[in-house]
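Input: a single structure, listed below in structure tokens.
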Amino acid sequence: MPRTLSKSDFKLASSCPTKLFYKEHGYPQATDGNPYIEMLADGGYMVEQLARLLYPDGIELRYGGDPVGDASATATMLEQESVTLFEATLLSNCKLARVDILRKRGRRLELIEVKSSSFDGAATASWPNGPFRRKTAAASILTDWVPYLQDVAFQYLVLQELYPDLEIVPHLLLVDKSNTTSIEALPNQFDIRRDVVVDGRRKDLDVRFTGDPATPAASELLRCFDVSGEVAELLPDLTASVEELLALYGDKDVRRVQQQIDWNCRACEFRVGADQRPSGFRECWGPLADVTPHLFELYAFGAQKQGGERTADRMIRDGRVSLLDVDVDGLLKADGTPSAASVRQRIQIEQTHTGTPWIGDGLGAAIGAWEYPLHFIDFETSAMALPYHAGMRPYEMVGFQWSCHTVDSAGATPVHTEWLNNRDSWPCLEFVTSLRNAVGEQGTVLMWSHHEGTTLRKIQDQMNRYGVGNADTRAWLDRMVGGGDVSARLFDMNKLCRDEFFVPGMGGRTSIKVVLDALWTADAVMRQRFAEWMRDDKFRVGEDEGPYESLPPVTVGDVELEVFEGTGAMRAYQAMLYGAERHDAELVAAYRDLLLRYCKLDTLAMVLIWDHWARVAK
């Protein structure tokens with residue numbers, strides 16, 4: 001197989017050409033994942049299948065492991081006067097492009113890139129320059145759309161080289177999140193099969209739309225844009241960048257070029273775990289990679305600048321990458337006053353120096369003002385490109401699970417209640433009704449971050465739009481979230497943590513998992529409380545790991561699906577209701593068990609942290 005520069009290669013190397021060398025040599029990536037699990041994240045595979053309904057004459061070519069053969073098959077099909085191709089392959093001068101939809105009509109080629117990304121058709125309808133450009137006279141391309149338009153431009157470049165005498169019109173097909181669908185349970189009208197042989201080729205995944213081909217869903221939700229102007233604007237710079245990358249390609253290998261290391265390396269795909277080798281990040285950073293505590297751990301440090309230059313980049317260039325190398329006096333704003341971020345940064349640096357916790361003056365007062373019963377809540381929500389139910393918009397949220405631990409009085413044992421949707425029907429009314437039964441009208445309702453308040457406001461909006469729910473339930477929801485602002489009953493423990501609490505093990509983060517893990521080893525009382533309150537014989541916490549690491553994964557074939565945070569929970573929910581295994585009762589039960597354990601752990605973690613705060617604040 002010849003060495004090629006694909007669209008994904010170009011995108012990866014555009015941020016750092018060193019990454020191209022690592023990818024070509026198979027270095028492990030932090031983003032390595034199973035395509036089945038990844039596709040469940042937003043339902044993008046459904047958008048592609050739905051888009052094909054707009055072109056009923058389309059012929060599916062299928063991508064394979066032989067780009068030369070695939071490109072030859074595409075070229076043969078394009079000899080016809082008129083043809084529409086799905087999954088066409090283009091290969092020219094080492095450049096490889098895969099095209100979602102390619103239409104030929106005489107001397108005209110229409111290139112259509114399908115994306116599950118959304119735009120707001122109602123909000124942008126009056127924009128004079130279209131949804132991809134600013135409304136100003138300059139009308140420059142909006143930064144958020146540049147990566148998607150570069151995708152189209154890369155394919156255009158290859159197609160132009162292959163067919164210089166044809167007119168090529170590039171398009172971007174997107175989801176319009178301002179529209180609603182008239183189709184109930186649209187995501188369930190897709191059949192997903194794993195590890196199958198189709199037309200003599202083995203595929204990890206095969207997705208098919210099983211509903212009515214005449215469904216209005218595609219025309220309701222999708223919109224195709226001619227992006228010729230945007231591609232023409234991006235093409236010169238893109239062409240130059242592609243040629244620079246191709247210059248690294250030798251006969252037998254890809255030449256390595258060393259990019260200047262800086263703060264952006266913090267998000268490098270090749271920054272993998274300490275036990276993984278080879279490590280691209282370590283090869284770039286050398287001894288600086290393993291400095292502890294590292295500069296990357298400092299809270300919100302990437303935004304700190306001096307003289308127009310990022311402070312972190314200057315320190316990295318000087319070889320000073322320890323968090324303890326940071327000059328706390330240099331964290332002040334230009335006028336000499338501290339920002340909210342710099343206050344937190346100073347606390348983190350000083351307490352890391354001493355290895356001691358910091359308890360703010362307001363911690364004890366805040367928790368002392370909470371009214372019993374205390375309700376510790378956690379929500380799990382999901383949103384997919386295609387709406388779950390009739391009347392919903394793309395990417396509109398559903399609340400599919402909640403957990404609540406209630407402490408009725410000082411010293412009382414927490415009582416756990418929970419709810420999880422397992423039916424393919426709009427769940428939000430039952431979500432709110434069951435939650436109301438758990439938290440009632442009395443006591444402070446504790447959450448970790450504003451997610452729960454935001455979710456309740458979104459459900460409130462949905463109930464008003466759909467006209468569902470009795471007056472009593474809607475009035476309760478109004479009292480919980482007010483006229484749009486979170487009510488006094490809801491209290492954000494994450495904000496309190498940021499403002500009033502720090503232990504060195506947290507680093508620059510305040511997620512509930514990080515805070516619990518930071519306290520777990522040193523707080524014997526916390527570990528004892530956990531053993532008393534969890535009361536789950538199946539949940540055993542290892543000696544060398546915290547509760548979250550002890551959550552067992554669900555194994556599906558060669559895939560282990562773990563739930564440590566909200567994204568993992570969303571994917572487990574997608575798999576349970578819409579995945580290839582949704583008809584497997586045993587696996588559905590395993591997903592359900594994992595979701596319940598994870599969400600229960602989140603609210604118990606809140607109780608454990610509150611209990612710790614109450615003890616140290618004294």
Side-chain angles (χ1 to χ4, degrees), residues 33-46 49 183-198 202-211 378-384 386-390 392 398-403 416-431 433-435 534-540 548 550-602:
N34 186 280
Y36 170 62
I37 299 302
E38 293 170 353
M39 79 168 188
L40 290 170
D42 63 5
Y45 63 99
M46 298 179 182
Q49 293 298 314
I183 309 301
E184 176 60 29
L186 180 58
N188 255 338
Q189 297 186 29
F190 295 85
D191 179 54
I192 306 168
R193 293 181 296 161
R194 304 182 62 232
D195 299 323
V196 296
V197 176
V198 180
R202 176 164 292 281
K203 294 192 67 176
D204 293 333
L205 296 166
D206 186 63
V207 182
R208 288 287 181 269
F209 179 72
T210 59
D378 179 66
F379 297 169
E380 300 303 334
T381 61
S382 180
M384 285 203 303
L386 299 187
Y388 294 96
H389 307 292
M392 291 187 69
V398 296
F400 66 83
Q401 181 181 12
W402 60 258
S403 172
H416 182 245
T417 51
E418 62 189 357
W419 177 86
L420 172 64
N421 177 57
N422 60 1
R423 296 181 293 110
D424 188 22
S425 59
W426 186 67
C428 295
L429 180 58
E430 188 176 350
F431 179 103
T433 303
S434 57
L435 179 69
M534 193 64 181
R535 295 178 181 175
D536 188 338
D537 293 337
K538 298 179 182 178
F539 193 174
R540 299 295 185 187
Y548 283 92
S550 299
L551 278 171
V554 171
T555 302
V556 183
D558 60 343
V559 183
E560 281 197 349
L561 180 59
E562 297 178 314
V563 175
F564 289 157
E565 33 65 47
T567 301
M570 180 185 71
R571 291 178 179 176
Y573 179 71
Q574 308 286 24
M576 185 175 75
L577 259 65
Y578 306 110
E581 298 81 20
R582 65 179 181 266
H583 302 301
D584 186 324
E586 184 177 344
L587 278 173
V588 168
Y591 282 129
R592 177 179 174 82
D593 183 63
L594 181 61
L595 283 166
L596 290 173
R597 288 170 182 271
Y598 161 69
C599 203
K600 178 180 181 180
L601 179 55
D602 262 358

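- Of all heavy-atom pairs spanning N188 and L577, the tightest one is OD1-O, 3.4 Å.
- Within the 4.5 Å cutoff, the side chain of I183 has no heavy atoms near those of the L386 side chain.
- Using a distance-only test at 3.5 Å, with no hydrogens or angles considered, a donor-acceptor pair links the side chain of Q401 to the main chain of L595.
- Looking at W402 and E380, their side chains never come closer than 4.5 Å, going by heavy atoms from C-beta outward.
- Contact record, G211 with Q189: CA-OE1, 3.4 Å, taken as the closest heavy-atom pair.
- One distance of note links CG of L420 with NZ of K600; it measures 14.0 Å at 0.5 Å rounding.
- A heavy-atom distance below 4.5 Å is found between the side chains of E430 and R423.
- Ring pair Y573/Y578 is perpendicular by interplanar angle, where above 60° counts as perpendicular and below 30° as parallel.
- Between D584 and E586, some side-chain heavy-atom pair lies under the 4.5 Å cut-off.
- Listed here is the closest heavy atom pair of P187 and P387: CD-O, 3.3 Å.
- In this structure, OG1 in T210 is found 10.5 Å from CD in Q49, a value given to the nearest 0.5 Å.
- Ring centroids of W426 and Y388 are separated by 6.0 Å or more, keeping the two rings apart.
- Separating the CZ atom in F431 from the OG1 atom in T381 is a distance of 8.0 Å, to the nearest 0.5 Å.
- With a 4.5 Å cut-off on side-chain heavy atoms, C599 and E418 do not count as touching.
- Looking at heavy atoms from C-beta onward, V588 lies out of side-chain contact with H583 at the 4.5 angstrom threshold.
- Side-chain contact between L186 and H389 is absent, with no heavy-atom pair separated by less than 4.5 Å.
- Once rounded to the nearest 0.5 Å, the distance linking SG of C428 with CZ of F400 reads 11.0 Å.
- Here D593 contributes atom CG and Y598 contributes atom OH; the two are 15.5 Å apart, rounded to the nearest 0.5 Å.
- In this structure, R582 CZ and L587 CG are separated by 13.5 Å, a value rounded to the nearest 0.5 Å.
- With no hydrogens or angles considered, no side-chain donor-acceptor pair links W419 and S403 at under 3.5 Å.
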